[in-house]
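One is the number of the first residue; the rest follow in order along the sequence. The structure displayed is predicted, hence computed values, not measured ones. Counting starts at 1 for both ligands and their atoms, in listed order.
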Amino acid sequence: MDKPQFISFFYLIRAVLLRSVTYARSYSYTCYPKSPDFTFRMSDQPLVTHIFTADPSAHVFNGKLYVYPSHDVATDIQDNDNGDQYAMEDYHVFSMESIGGPVTDHGVALSSSDVPWVSKQMWAPDAAEKNGKFYLYFPARDKDGIFRVGVAVSDKPEGPFKPEENYIKGSYSIDPASFVDDDGEAYLYFGGIWGGQLQCWSSGEFKADEYEVDGEKEPKTGPALLPRVARLSEDMLSFKSEVLPVEILDESGQLLAASDHDRRFFEAAWLHKYNGLYYFSYSTGDTHFLCYAIGTSPLGPFTYGGKILDPVLGWTTHHSIVEFNGKWYLFHHDTTLSGGKNHLRCVKVKEIFYDENGKIKLVS
Ligand code: FUB
């Protein structure tokens, strides 16, 4: 190698090294979907494949689509109904300019080691924007092993987020989903039965001995356990109302029955608005459907409307629904990327459609 060649080689190596350092520091990069076929990519391909992701909460902020998923991790813990195998420790935020286009991973937005009240299991998060600030809502077990909901704040949708010292007072169980209405009022929906511990809160206080009664983690008869909602304060950091039950009614106006496992609420609450009506959607857990119910108020009651998605590969199913550039999308997860491991999931996106009566068509 002569001298000019050596100098060019030196600068090439230096550029490569500098780039890796910058990359490692920001841990932010863009994933280009592999398939050249847009339709296939959108319906069937995981959004990203470099990490396992689940429970996607999608929002449009500053004209871009942001996804706030759980970050699944490998573990030796065997699958159980308590959900111990979902041992997640941090959150990444993803963004994209278009559905089917490149997806940017903005790196770790919040880690359990930064949250003083958390002991373990950073489960399904959501995000909200108000007055130019961004809020990440996340469930985790506190130091007593009780699931609570925390909040963390950032100036940017992708974070990093700075957590509050303690969980939101009065919060409990899992799967927070925020909704800011057109009038600026903000709501937080939450709850999940079985491992999500909602059955322990029927009295308004945590009762550990109500986790399982006669071998059952939910009632067998009577009305089903109900998800919860609370109004968020102006600063989005606390509840300004009491925690209220979210009523889901059948076609005759009765609360869905506990025995109606194909329709009753299990976990994964989500609220969106379409044509002036409020759509509350959720997972039926052990029957593995995504369903929705429609109401005229964000506080409900909601009347059961139908299924959105049939069971996917994997035990859990969890989703969000968002409008982006005039189309409606379902973000959800399955376990195809790990070949069916329940706790190693991947996020996917599909376009959804409403019929002329505002009913969501079952995703095919
Ligand atoms: O990701 C952990 C839990 O699995 C979520 O909180 C549930 O909704 C289910 O997807």
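- Tyr282 has its ring centre no less than 6.0 Å from the ring centre of Phe266.
- The shortest separation from a heavy atom of Met88 to ligand 1 is under 4.0 Å, placing the residue in contact.
- Counting only heavy atoms of the protein, atom 9 (C) of ligand 1 lies nearest to Glu267 OE2, 3.3 Å.
- Near Ala124, the atoms of ligand 1 lying under 4.0 angstrom from a non-hydrogen atom of the residue are 6 (O).
- Residue His333 has no N or O atom closer than 3.5 Å to an N or O atom of ligand 1.
- Checked against a 6.0 Å centroid threshold, the rings of His59 and Tyr66 do not count as neighbours.
- Within ligand 1, counting atoms from 1 as listed, the ones closer than 4.0 Å to a heavy atom of His318 are 7 (C), 8 (O), 10 (O).
- For a threshold of 3.5 Å applied to N or O pairs, the pair formed by Asp55 and ligand 1 contains at least one separation below that value.
- Looking at ligand 1, you'll find an N or O of Asp175 within less than 3.5 Å of one of its N or O atoms.
- Outside the 6.0 Å centre-distance limit, the rings of Trp315 and His343 are not counted as a close aromatic pair.
- Only one option out of Tyr167, Tyr172, Trp201 pairs with Ile146 in a side chain to side chain contact (heavy atoms under 4.5 Å, CB included); it is Trp201.
- Distance from atom 4 (O) of ligand 1 to its nearest protein heavy atom, with residue and atom name: Arg345 NH1, 3.2 Å.
- Under the 30°/60° scheme for interplanar angles, the aromatic rings of Phe138 and Trp117 are found to lie parallel.
- A cation-pi arrangement is absent between Arg228 and Phe190 under the rule of less than 6.0 angstrom and at most 45 degrees off the ring axis.
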